[in-house]
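Accompanying notes for the structure given below.
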There are 2 protein chains.
Amino acid sequence: MATIKDVAKLAGVALSTASYALNDNPRISEATKQRVLDAAKALNYQKNGFASDLKRTKTNTIALILSDLSGPYYSDLIRGVQDVCTSNGYDFIACSSIGGDQSTAIKFLKEKRVDGAIILAHNISDETCISYARKDFPLVVLDRKLQHDFIYHVEVDNVHGGYIAANHLIEKGHKDIAYISGPTNSFDNKQRFKGYQQALREHELVHQSKWNFVGNFTKEGGYRATKLLVAQRNLPTAIFFANDEMAIGGVRALQEQKYNVPRDISIIGFDDIELSEYLPPGLTTIKQPKYEAGALSVHLIFQVLAGGDVDNYYRLSTEFIERNSVKKLASKNE
Amino acid sequence: MATIKDVAKLAGVALSTASYALNDNPRISEATKQRVLDAAKALNYQKNGFASDLKRTKTNTIALILSDLSGPYYSDLIRGVQDVCTSNGYDFIACSSIGGDQSTAIKFLKEKRVDGAIILAHNISDETCISYARKDFPLVVLDRKLQHDFIYHVEVDNVHGGYIAANHLIEKGHKDIAYISGPTNSFDNKQRFKGYQQALREHELVHQSKWNFVGNFTKEGGYRATKLLVAQRNLPTAIFFANDEMAIGGVRALQEQKYNVPRDISIIGFDDIELSEYLPPGLTTIKQPKYEAGALSVHLIFQVLAGGDVDNYYRLSTEFIERNSVKKLASKNE
DNA sequence: CTGTTAGCGCATTCAC
DNA sequence: GTGAATGCGCTAACAG
């Protein structure tokens with residue numbers, strides 16, 4: 001592997017001249033620059049990124065840390081992050097936090113291999129986040145609330161989203177509404193549940209614990225939870241799945257028992273993943289501004305890096321997406 | 001940010017002693033090692049990854065380069081790569097190649113910021129791959145065929161997969177089989193189509209071009225292609241979607257026209273993405289060994305890096321997954 | 001405009 | 001065991 005030294009030698013210039021030429025510094029004449037470039041090409045020279053980063057003590061890249069790189073949910077988030085990074089000339093990498101505090105993701109955090117990071121990974125502890133955030137290393141968290149000067153929060157209004165969802169069901173005449181929840185320790189899940197309860201309370205409905213199952217935010221979990229729900233007979237008229245993935249599993253369970261959605265039972269989801277539109281009969285859901293969340297997060301990092309004074313806390317609003325999975329109940333016996 | 005120098009000073013030892021202690025070199029006594037470790041903790045010392053990599057001229061990380069980080073298809077592949085990396089003490093990052101040859105992914109390749117890479121990204125040119133592969137920088141490609149000593153190939157047997165799919169349909173009595181294709185320049189798509197044609201030929205069936213639509217491997221594309229197919233009346237009895245994502249869109253299009261799968265029309269997909277099981281009525285499909293492909297890829301990289309002599313070419317076989325989207329045609333008028 | 005030089009932070013000889 | 005010294009490849013100040 002050729003180094004800049006070789007290039008300089010071949011071009012017959014000083015090492016620094018080669019460096020300047022390669023970095024497009026105006027102090028170098030066109031002629032010599034060209035000579036250096038030619039030499040570089042001839043030697044198939046590629047700069048060593050580490051050496052360069054080491055010297056400049058900045059990496060020009062942002063990391064997005066996800067607990068699982070492959071969830072459908074992340075698609076838009078990634079795009080948002082990526083777009084803003086790219087348009088600011090920054091690079092972007094995604095790291096999985098599988099392995100928790102031992103993972104590659106953490107290595108990147110603690111060894112400062114990136115200039116800033118966005119975290120949406122339940123298996124990374126709060127302490128870890130707190131211990132690595134610094135002035136020149138801002139962190140944006142999407143899934144928790146932390147007290148730290150250089151940790152920034154971007155969250156979507158999950159409480160309100162949960163409220164809208166439950167409220168919609170109620171307005172359609174539903175009174176018996178089950179809640180299939182995400183992991184009980186999930187911040188997002190708690191918020192959605194809070195909104196759900198609030199809507200119920202406002203309509204003087206009570207949440208029955210027999211209609212509360214944990215589905216862990218996965219298809220499989222949603223499937224199992226729904227099966228349990230069905231098994232205990234005495235079905236509710238509607239189910240609120242705390243995310244769309246669980247709703248997908250739920251629809252399958254329902255279908256296996258020959259229940260038709262929405263004829264026999266109404267369902268509503270949360271997230272509006274790409275697939276919800278395609279899930280028969282079209283899943284009514286609450287849309288999260290995922291792209292915006294990603295874009296805003298990077299934006300904040302850049303501002304902090306640029307020395308700007310930025311707020312630590314942002315909340316994005318959700319949007320109601322009506323499709324065909326909720327039926328209006330005819331008789332509202334009030 | 002504390003450096004190793006600070007740690008040495010606080011511990012009252014030489015810089016090298018601190019380095020040895022931190023790296024667990026046996027020449028250091030337990031006592032001094034402990035002192036160094038304490039100092040490091042006290043200063044919240046974290047080594048600078050770049051400096052370390054620079055010195056050791058290896059990064060201990062493997063990159064997976066994907067054209068889109070978020071497809072459902074990639075989930076298993078990522079797990080495969082990740083598992084093998086982790087169990088070999090390597091780190092792993094995923095890069096998107098959005099931006100093609102200007103992307104972050106390419107930066108990592110050319111600046112040698114990783115020790116090896118796995119590529120599944122149609123928007124990276126063959127030339128790029130060829131120009132960066134070297135003995136100490138092996139590349140594994142999953143989506144093309146290249147002639148280079150240090151480029152390794154892992155492919156799944158798409159031809160056979162296509163053959164199995166079409167054959168299954170034929171055995172169930174279908175003779176009029178549409179093919180919804182991926183991007184026409186896709187290597188995988190071509191292979192699948194070849195298998196499909198082969199099965200048809202063996203049964204003396206002819207592929208009718210009016211039943212061939214391009215769906216570009218996306219849900220949306222599958223939806224549109226299927227709509228076109230339906231619009232031209234005179235429906236085939238079965239559709240072979242060149243991947244599951246398109247089948248998802250297809251089911252939606254069919255459903256909108258009140259066609260029931262499989263009662264009115266049979267469909268079969270390709271890939272066996274996680275969702276296929278959940279897509280009513282359960283999508284019959286061809287499973288790709290994605291996890292295995294990822295695992296094998298990393299494995300190869302490690303072998304090359306270790307100086308082993310490895311073959312350049314591997315082919316993994318596909319598996320037929322029967323669910324409920326194909327109906328047996330009663331009358332086989334032969 | 002060009003060349004010399006001093007590190008970036010760390011790992012690693014090689015004497016002691 | 002320890003510590004001084006060297007250099008990984010590059011950038012950027014500084015002096016010419």
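Proteins come first, then strands; the chains are lettered A, B, ... in the order of their sequence lines, and each starts at number 1.
The base of C/dG9 has none of its N or O atoms less than 3.5 Å from a complementary donor or acceptor on the side chain of B/K55.
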Please list each protein N or O that sits under 3.5 Å from an N or O in nucleotides 14-16 of chain C, with the distance.
residue, atom, partner, partner atom, Å
C/dC14, N4, B/R27, NH1, 3.4

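Residues passing the side chain to side chain contact (heavy atoms under 4.5 Å, CB included) test with B/R35, sequence neighbours excluded: B/V13, B/T32. By the side chain to side chain donor-acceptor pair (under 3.5 Å) test, A/D83 is found to be paired with A/Y291, residues two or more places apart in sequence or in another chain being considered.
One interatomic measurement links the two molecules: CG of B/N25 to P of C/dC10, which rounds to 17 Å at whole-angstrom precision. One can place CZ of A/F50 at 14 Å from P of C/dA11, the figure rounded to the nearest angstrom. As a whole-Å value, the separation of B/D24 CG from C/dA11 P is 13 Å. Atom pair A/R113:CZ and C/dC10:P shows a separation of 12 Å (rounding to whole Å applied). Atom OH of B/Y45 is separated from atom P of C/dG9 by 11 Å (rounded to the nearest Å).
We find the CG-CD1 distance between B/N48 and B/I4 to be 11.0 Å, quoted to the nearest 0.5 Å. Note that the CD1 atom of B/I124 and the OG atom of B/S103 stand 5.0 Å from one another [nearest 0.5 Å]. Interatomic distance, CD1 of A/I301 versus CD1 of A/I118, reported as 4.5 Å (0.5 Å rounding). One finds the OG1 atom of B/T104 at 11.0 Å from the CG atom of B/L109 (value rounded to the nearest 0.5 Å).
Residue B/N23 places at least one side-chain N or O closer than 4.0 Å to OP1 or OP2 of C/dA11. One finds a side-chain N or O of A/T17 lying less than 4.0 angstrom from the OP1 or OP2 phosphate oxygen of C/dG3.
Within 6.0 Å of NZ on B/K9 lie no more than 12 heavy atoms contributed by other residues, nucleotides or ligands.
If B/S29 and A/S16 are placed on DNA chain D by their nearest nucleotide, the residue sitting closer to the 5' end is B/S29.
Residues B/N60 and B/K58 come closest through the heavy atom pair ND2-NZ, 3.3 Å.
Residue pairs meeting the side chain to side chain donor-acceptor pair (under 3.5 Å) criterion with at least one partner in residues 298-315 of chain A, sequence neighbours excluded, are A/E155-A/Y313, A/E155-A/R315.
In summary, the side chains of B/E274 and B/S75 do not present any donor paired with an acceptor at a separation below 3.5 Å, with no hydrogens or angles considered. The closest side-chain donor-acceptor pair between A/T59 and A/D115 falls under 3.5 angstrom.
The stretch residues 5-14 of chain B touches DNA chain D through B/V13, B/A14, each having a heavy atom within less than 4.0 Å of the strand.
Here chain B contacts DNA chain D (any atom closer than 4.0 Å to a heavy atom, that is under 4.0 Å), and the contacts span D/dG1 to D/dG9 from 5' to 3'.
Residue contacts for A/L54: at a heavy-atom cut-off of 4.0 Å it reaches a base atom on one of the strands shown.
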